[in-house]
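Predicted, not measured: the structure shown is a model, and the values here were computed from it. Atoms considered below: every heavy atom in the structure, side chains included; atoms not considered: hydrogens, waters and symmetry mates.
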Amino acid sequence: MGLQQGFVTWFVGVLFLTTLLLSSADVHHYEFFVRESNFTKLCNTTTLLVVNDSYPGPEIRVHRGDTVFVNVHNQGNYGFTIHWHGVKQPRNPWSDGPEFVTQCPIQPGTNFTYEIVLSDEIGTLWWHAHSDWTRGSVHGAFIILPAKKETYPFPTPDADQTVILESWYDGDYKQIIDDALAAGVSPRQPNAYAINGHVGDTYGCPNDTIFRMQVDSEKIYLLRIINAAMNEHFFFTIANHNLTVVAQDASYVRRFTRDYILISPGQTMDVLVSANRNVGQYYMAIRPFSDSSAAPIDNITTGIFQYTNSEGGLNASLITLPVMNDTDAMINFLNQIRNTKVSQNPGINVPADKDIKRRVFIAIAVNNLPCSTCVVGSRLVASLNNVSYVSPSIDILQAYYNRNMSGVYTEDFPLNPPVIYDFTGNLTNLNTPVEEGTRVIVVNYGEGVEMVLQATQMGAGGSHPIHLHGFSFYWVGTGFGNFNNKTDPSTYNLVDPPLINTVHVPGRRWVAIRFFATNPGVWFMHCHLERHSSWGMDTVLIVRNGKTKKTSIRPPPATMPRCPGT
């Protein structure tokens, strides 16, 4: 009786959600002018490419199920694209944005209008440039409020606040990665970390600003936290306050409360905080997490959670963040994240074993290739299953859709590691052969897909935030060491796995994800540590068309940017 009642509740919830989306959708229009502007931080003035002269860029704020048109004007000096991170874009890969995957760059002096089609996403997402390292300064929040007759599945907050975590470089982001790739070395570390564009009070420049969030006593606030950093996972806390996580990657999760959160590059989290402490000023703080031997700089960046009419100074000793290499804090936090069966979420639809038609086991690695012009005679590359991704000069979507272009990509990405070794052991003297290429995974429409992502100790080891465009997927499993395909699947959580778009693959561990391939198109999959993606830790998933118009890619807009030389 209980199971039957649960099914009825779920079905009514899904029907209610569908009715809301169909009855209340609106259309919104935004104008993005992308150009260089000057910013002064750390007592130094830097010229950055930004949107509408702001860092971070303008916030998009709409309702669930709406459609958004963003006209992007390139008034800068080089081409770029923009990606709407976490928006599934059903049947519309043309507006997904990754450079030379679904489009060619918007060239200087031109513009392109993206059509962003929302479906069941709810809460906090973000947008960012998807060309080289331009996203370091070209990014902003994408807030999806409940539909007009929809409620939150938790106490309604009195207000919300977007909190964007960033890497600040004194210099041009594109030039930084261009120089590193030419030398074959790792790009330099950021000069600071920032919260909503403010570097806080810990870096020694008296002119630096600190982000302040004004709150009223006894009110409840929804923090919309976005990790827009280039290469840093972050711990986040507010001194003396509890944080209740209610959503991740635009999907509600079962509520849980901690005194810190861990958020990886690309991820978003919605967090409730009650202003229920003594009236005063409390530090908000971030610190990087790393389980890699190539650790980031262990800086703490601060903001202020400030009660109205508060007086007195701040007490830095109240900041209680885990230390940078606290893997227990990382694992303990990740283990708390579960899906929740509420009417505002899509019904949990995890592919069962019998539904899985395509299994992919991917070993994640950092490698070296010979380079006669590089600083040390070799260059750093990164790979998935020993394939280091090479970006083509014509976008893959155009080549796939038109079927009249050869040599752009091949459909032979290895579905298993070509070399089996002790992935998480001591690999000091091992350097497996790596091939460069544009090799993609192809699946049929509607197939159940399982991917196992295996972190390895090749290179510096450590965690990887892996992002898949075009989908939210179920994170069904994780474990320490090397994945065992005989025993580990029995540990999968197929009951309430989180529905996310960016999964944290911890160092020396594996994760398993599952999803149904019901979004036809060409979809990028990559590590959201930007240096790894730049080195080739990427691949592409092509989902073939189904048998009907509604299960097939939409025709391209006539205004797609032209590829260089065409």
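- No hydrogens or angles considered: nothing links the side chains of T81 and H130 as a donor-acceptor pair under 3.5 Å.
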Between Q457 and N426, is the side-chain contact (heavy atoms from CB on, under 4.5 Å) condition met? List the steps.
CA-CA 7 Å; Q457 289 299 100; N426 184 347; over 6 Å; no

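- Taking each heavy atom of V51 and V34 in turn, the nearest pair found is CG2-CG2, 3.8 Å.
- Closest approach of P265 and A229 over heavy atoms only: CB-O, 3.8 Å.
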H504 and L262: side-chain contact (heavy atoms from CB on, under 4.5 Å), yes or no, with the steps?
CA-CA 10 Å; H504 182 138; L262 172 70; 4.0 Å; yes

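- When the options F333, F289, Y193 are evaluated for a ring-ring contact (aromatic ring centres under 6.0 Å, His included) with F235, the one that passes is F289.
- The aromatic rings of F361 and F483 sit tilted, their planes meeting at an angle between 30° and 60°.
- Side-chain contact between T237 and P322 is absent, with no heavy-atom pair separated by less than 4.5 Å.
- For the residue pair S534/W133, the side-chain donor-acceptor check at 3.5 Å is satisfied.
- Proximity of the aromatic rings of Y389 and F524 is defined here by a centroid distance below 6.0 angstrom, and this criterion is met.
- The closest donor-acceptor contact from the side chain of Q189 to the backbone of A295 lies under 3.5 Å.
- S54 and G57 make their closest contact through OG-CA, 3.4 Å (heavy atoms, listed as atom of the first residue, atom of the second, distance).
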Give the C-alpha distance, both sets of side-chain angles, the deciding distance and a yes or no for ring-ring contact (aromatic ring centres under 6.0 Å, His included) between F112 and H73.
CA-CA 7 Å; F112 175 62; H73 305 260; over 10 Å; no

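- Rounded to the nearest 0.5 Å, atoms OG1 (T424) and CE (M458) are 13.0 Å apart.
- One distance of note links CG of N335 with OG1 of T478; it measures 7.5 Å at 0.5 Å rounding.
- Of the residues I195, I261, I286, T301, the one that meets the side chain to side chain contact (heavy atoms under 4.5 Å, CB included) test with F234 is I286.
- With hydrogens and angles ignored, the 3.5 Å screen pairs a side-chain donor or acceptor of N231 with a backbone N or O of R531.
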Considering only distance and modelled atom types, tabulate donor-acceptor pairs under 3.5 Å from the side chains of residues 408-421, sequence neighbours left out.
| residue | atom | partner | partner atom | Å |
| --- | --- | --- | --- | --- |
| T410 | OG1 | D412 | OD1 | 2.6 |
| D412 | OD1 | R439 | NE | 3.2 |

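- Two residues are said to be in side-chain contact when any heavy atoms from C-beta on lie closer than 4.5 Å; T40 and N207 fail this criterion.
- Two residues are said to be in side-chain contact when any heavy atoms from C-beta on lie closer than 4.5 Å; T102 and D395 fail this criterion.
- Considering only heavy atoms from C-beta on, R91 stays 4.5 Å or farther from I553 through its side chain.
- When all heavy atoms of P392 and F100 are compared, the pair lying nearest together is O-CG, 3.3 Å.
- Between the side chain of T491 and the backbone N or O of D488 there is at least one donor-acceptor pair closer than 3.5 Å.
- Under the side chain to side chain contact (heavy atoms under 4.5 Å, CB included) test applied with F32, the options I82, N111, N71 reduce to a single match, I82.
- Judged by distance alone, with hydrogens and angles left aside, the side-chain atoms of R358 form a donor-acceptor pair with the main-chain N or O of V442 at under 3.5 Å.
- Judged by distance alone, the side chains of T432 and N386 do bring a donor and an acceptor atom under 3.5 Å apart.
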When you look at N367 and S383, which way does the side chain to side chain donor-acceptor pair (under 3.5 Å) test go after all the steps?
CA-CA 7 Å; N367 316 85; S383 64; 2.8 Å; yes

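- For the residue pair S37 and D53, a side-chain donor N or O sits within less than 3.5 Å of a side-chain acceptor on the partner.
- Inter-residue side-chain proximity for R135 and W126 is flagged as met; some heavy-atom pair is nearer than 4.5 Å.
- A 4.5 Å side-chain heavy-atom check between W475 and Q248 finds every atom pair outside the cut-off.
- Closest heavy-atom contact between A192 and V199: CB-CG1, 4.1 Å.
- A salt bridge is absent between K41 and E166: the closest approach of a Lys/Arg side-chain nitrogen to an acidic carboxylate oxygen does not fall below 4.0 angstrom.
- The shortest distance between side-chain heavy atoms of P564 and C104 falls below 4.5 Å.
- In this structure, a donor-acceptor pair under 3.5 Å is present between the side chains of T302 and D201.
- The residue from H83, H464, H85 that alone fulfils the ring-ring contact (aromatic ring centres under 6.0 Å, His included) condition with H528 is H85.
- To the nearest 0.5 Å, atom CD of residue E115 and atom CG of residue N92 are 5.5 Å apart.
- Taking the six-membered ring where tryptophan is involved, the planes of F471 and W523 are perpendicular, since the angle between them exceeds 60° and thus also 30°.
- Here the CE atom belonging to M525 is positioned 6.0 Å from the CD1 atom belonging to I466, to the nearest 0.5 angstrom.
- Two rings, from F423 and W510, have their centers 6.0 Å or more apart.
- Put simply, the side chain of H233 reaches to within 4.5 Å of the side chain of L529, judged on heavy atoms.
- Atom OG in S472 sits 10.5 Å away from atom CG in N519 (nearest 0.5 Å).
- Taking the six-membered ring where the residue is Trp, the centroids of F80 and Y78 are separated by 6.0 Å or more.
- To the nearest 0.5 angstrom, I396 atom CD1 is 6.5 Å from I542 atom CD1.
- With hydrogens and angles ignored, the 3.5 Å screen pairs no side-chain donor or acceptor of N325 with any backbone N or O of S290.
- Between the side chains of S167 and E232, at least one donor N or O sits under 3.5 Å from an acceptor N or O.
- The aromatic rings of H532 and W535 are tilted relative to each other, their planes meeting at an angle between 30° and 60°.
- Checked options V366, V381, D538; the residue passing with S388 is V381 (criterion: side chain to side chain contact (heavy atoms under 4.5 Å, CB included)).
- The closest donor-acceptor contact from the side chain of T268 to the backbone of T124 lies under 3.5 Å.
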Would N52 and F33 count as a side-chain contact (heavy atoms from CB on, under 4.5 Å) here? Give the steps.
CA-CA 5 Å; N52 296 358; F33 295 92; 3.6 Å; yes

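- Ring geometry for F39 against W168 counts as perpendicular: the plane angle is over 60°, on a 0 to 90° scale with 30° as the lower cut.
- A donor-acceptor contact shorter than 3.5 Å is absent between the side chain of D208 and the backbone of Y203.
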Please assess D132 against K174 for the test side-chain contact (heavy atoms from CB on, under 4.5 Å), listing each intermediate value before the final yes or no.
CA-CA 6 Å; D132 49 71; K174 183 179 185 302; 3.5 Å; yes

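- With sequence neighbours left out, the disulfide bond (SG atoms under 2.5 Å apart) criterion links C527 to no other residue.
- Salt bridge status for R287 with D298: present, with a side-chain N to carboxylate O gap under 4.0 Å.
- Taking each heavy atom of P105 and E99 in turn, the nearest pair found is CG-OE2, 3.2 Å.
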